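Owing to the predicted nature of the structure, the values given are computational and were not obtained by experimental measurement. Just so you know, residue 1 is the first one in the sequence shown, and it goes up from there.
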Amino acid sequence: VDIAADTIQPSILSVTPAENTAFFNTNTFVIEAIVSDAETGVQSVSFLVDGNPYATASQSAGPIAGTLKFRSVSIEVKAKATDALIPIVVTAKDFNGNTRSMTHDLLYKGVNDPDAPKVTWLCPIDRGALPALANNFALNLRLDVVDEDVRAVKFRIGDGGPIVTGALVSGTEYGATYTFPQTPEAGALTITAIVEDTVTAHTVELPITLDLVSVDFTFTDPKAITATDVASYTNKSIALIGSSAVLAPQVPLTLANLLVLNGARVETLPTTILREFKLDITTSGVTYVDCDSRVDVSAKGYVGGWQNTSDGLNNDFRGRTVGNQPYDYKRYDSIFEPTELGSGGHGANSCCVAGASGGGTILLHGGNAEGDASRIVIPGDLLAEGGTGIGAALNPGTGGSILLDAKQVLGGWKTKISVNGGDDEWVGNGPGAAPGGPIAINATQKIDLDGSVVEARGGRDHRPAHNENKR
């Protein structure tokens with residue numbers, strides 16, 4: 001006898017709190033879901049609030065025969081600087097693995113009242129990450145504070161931990177640096193900004209939560225990862241710390257976590273006439289690039305006309321493009337999942353003024369397993385810009401490609417994500433600046449790029465008669 005497989009999703013009959021229910025900072029609530037499954041039965045219900053998982057506290061019979069009631073643990077509201085719609089996602093799974101999700105928004109009322117200081121975290125940002133048990137780690141703390149009478153800016157490290165006094169950096173930016181003798185063990189760390197003006201009732205406290213992750217490798221100087229040693233780093237956690245730390249993977253890399261901190265950067269080798277290099281990193285946990293750091297593959301794409309590389313000369317006035325061939329109006333790939341390098345600029349018609357290289361490719365993925373955090377958090381920069389042209393018409397390189405694909409993609413007010421085309425510095429006649437490339441950002445749970453700069457424009461034409469041209 002053939003038994004038909006159960007392919008029918010569970011039913012979610014109701015979820016509370018209701019959509020647009022308002023909560024204030026430090027309020028608590030629980031999520032209650034009434035679910036059913038007429039075939040194999042409901043095995044579990046999971047709860048996500050603002051992309052963060054919360055456990056199930058209880059399971060009991062529902063109000064209607066054949067239904068179950070699942071309740072989450074108590075959830076404490078951590079409000080944003082201003083009013084924010086916070087998504088909750090309830091997912092029911094039956095014993096045959098079928099799932100159904102329901103989502104709606106709650107309203108978290110902002111901590112800023114009209115007369116109090118307006119406070120925004122610049123760095124770090126909520127849901128970022130730091131290395132656990134790191135000795136003498138310096139954490140840069142930055143806020144934007146708008147108020148006519150700022151009296152004090154402070155940072156509380158942990159719950160009831162040390163207080164660090166901030167100072168004006170410039171404009172409306174305030175900051176401080178706290179050096180941990182040793183960062184706490186793996187887990188969560190809350191850091192609270194405290195801003196006071198001349199009215200005591202206007203004091204603003206704005207917390208963020210950071211993950212402390214165990215790190216397998218810490219680099220403070222340049223490190224290349226090649227095909228011969230990539231297995232040593234697979235599914236491990238890497239931290240880059242300091243301005244001398246540079247990670248340059250030459251092959252696709254799969255990690256648990258990647259932390260780029262305190263001026264560090266990630267890049268790849270420039271493409272040559274024989275080899276293409278793309279930055280392709282997947283993390284099951286967190287990719288975090290702080291606001292002093294960057295992922296930068298600008299001018300790492302296809303080479304320009306007459307450009308000399310480590311394995312030979314591009315012996316053609318045309319820059320190279322898709323397939324690492326001389327430019328010939330070839331079609332690029334999908335704008336929804338871009339992976340191609342930027343095209344190189346033309347050189348002079350006769351040898352040998354070289355064209356600039358196109359931008360490189362940044363492919364950052366999060367894991368898709370059920371237990372993966374799969375979070376890309378970028379308060380810093382992701383750059384895949386075309387190279388600047390200086391010596392001939394059509395000389396700049398085009399912008400490269402950026403693809404971000406994870407459960408959550410989060411940016412901040414200092415974030416720049418750019419595939420801009422190369423600028424034209426040539427003063428002669430003829431076409432100038434190059435076009436930008438594509439950016440695609442996909443997230444299954446949450447995208448928050450409020451305040452971030454995301455650019456895919458053409459370069460600027462700097463010739464005196466065309467200095468306002470942006471193509």
Side-chain angles (χ1 to χ4, degrees), residues 122-123 125 246-248 258 260 263-268 270-271 277-281 287-302 304 319 321 332-345 356-365 376-390 395-406 409-425 432-443 447-462 468-471:
L122 301 177
C123 198
I125 62 174
V246 182
L247 182 68
L258 175 62
V260 189
R265 73 181 188 273
V266 180
E267 59 181 34
T268 192
T271 289
F277 293 98
K278 300 177 181 180
L279 186 67
D280 188 347
I281 300 177
T287 296
Y288 181 62
V289 181
D290 76 12
C291 64
D292 297 312
S293 305
R294 68 190 190 275
V295 178
D296 192 350
V297 296
S298 297
K300 302 286 190 180
Y302 292 118
T321 188
Y332 264 57
D333 62 355
S334 168
I335 62 171
F336 302 105
E337 295 185 2
T339 61
E340 297 292 356
L341 301 166
S343 298
S357 292
T361 293
I362 297 173
L363 308 173
L364 298 182
H365 308 279
I376 297 173
V377 187
I378 310 290
D381 294 339
L382 301 182
L383 306 175
E385 299 180 336
T388 299
I390 58 173
N395 193 238
T398 69
S401 298
I402 293 178
L403 172 61
L404 309 181
D405 185 10
V409 178
L410 311 176
W413 286 81
K414 280 186 170 290
T415 302
K416 182 179 181 181
I417 302 173
S418 173
V419 290
N420 292 340
D423 293 344
D424 175 41
E425 301 288 354
I439 297 173
I441 301 174
N442 307 310
I447 294 178
D448 185 352
L449 296 173
D450 188 24
S452 302
V453 174
V454 181
E455 291 188 333
R457 59 167 173 79
R460 292 184 167 90
D461 192 334
H462 288 170
E468 295 300 321
N469 182 33
K470 300 177 182 179
R471 305 194 302 165

For residues A356 and G397, report the shortest heavy-atom separation together with the two atoms involved.
CB-N, 3.8 Å
Lys/Arg-Asp/Glu bridge criterion (N-O < 4.0 Å) met for R294, D296
yes
Hey, does the side chain of N420 reach the backbone of R457 with a donor-acceptor pair shorter than 3.5 angstrom?
yes
Hey, which of I125, L410, V377 is the one that makes side-chain contact (heavy atoms from CB on, under 4.5 Å) with D448?
L410
Check for a donor-acceptor pair, side chain of S293 on one end and backbone N or O of A264 on the other, with a separation under 3.5 Å.
yes
Out of V260, D290, L449, V289, which residue meets the side-chain contact (heavy atoms from CB on, under 4.5 Å) rule with I378?
V289
Just how far is it from atom CD1 of I417 to atom CG of L383, taken to the nearest 0.5 Å?
9.5 Å
For the side-chain contact (heavy atoms from CB on, under 4.5 Å) test, which of L279, V295, L258 pairs with L247?
L258
Shortest non-hydrogen contact between G360 and A384, atoms and distance:
O-CB, 3.4 Å
Heavy atoms only: give me the nearest I447-A443 pair and the separation to one decimal.
CG1-CB, 3.3 Å
Looking at side-chain heavy atoms only, is the closest gap between I439 and V454 below 4.5 Å?
yes
Can any side-chain N or O of T398 pair as donor or acceptor with the backbone N or O of G421 at less than 3.5 Å?
no
Got a salt bridge between E385 and K300, using NZ or NE/NH1/NH2 to carboxylate O under 4.0 Å?
no
Hey, is CD on E337 packed in by over 12 heavy atoms from elsewhere, all under 6.0 Å?
no
So which heavy atom on D423 is nearest to which on R460, and how close?
OD1-N, 2.8 Å
When rounded to the nearest 0.5 Å, the distance separating CG of L404 from CG of L382 is 6.0 Å
Is there a donor-acceptor contact under 3.5 Å from the side chain of S343 to the main chain of G358?
no
Criterion side chain to side chain contact (heavy atoms under 4.5 Å, CB included) on N442 and L403, from CA distance to verdict:
CA-CA 8 Å; N442 307 310; L403 172 61; 3.7 Å; yes
Within the distance-only criterion (no hydrogens, no angle test), does the side chain of K278 pair as donor or acceptor with the backbone N or O of T339 below 3.5 angstrom?
yes
If you take all heavy atoms of P438 and G400, which pair is closest and at what distance?
CD-O, 3.3 Å
Kindly compute the distance separating OG1 (T271) from OH (Y302), expressed to the nearest 0.5 Å.
7.0 Å
Would you compute the distance between atom OG of S401 and atom CD1 of I362 and round it to the nearest 0.5 angstrom?
10.0 Å
List for me each residue that meets side chain to side chain contact (heavy atoms under 4.5 Å, CB included) alongside A406, sequence neighbours excluded, and say none if there are none.
S374, I376, V409
Do T268 and T361 make a side-chain contact, defined as non-hydrogen atoms from C-beta onward lying under 4.5 Å apart?
no
Measure across I402 and V419 and return the closest heavy-atom pair with its distance rounded to 0.1 Å.
CG1-CG1, 3.6 Å
Could you state the interatomic distance from CG (L363) to CD1 (I281), rounded to the nearest 0.5 Å?
9.5 Å
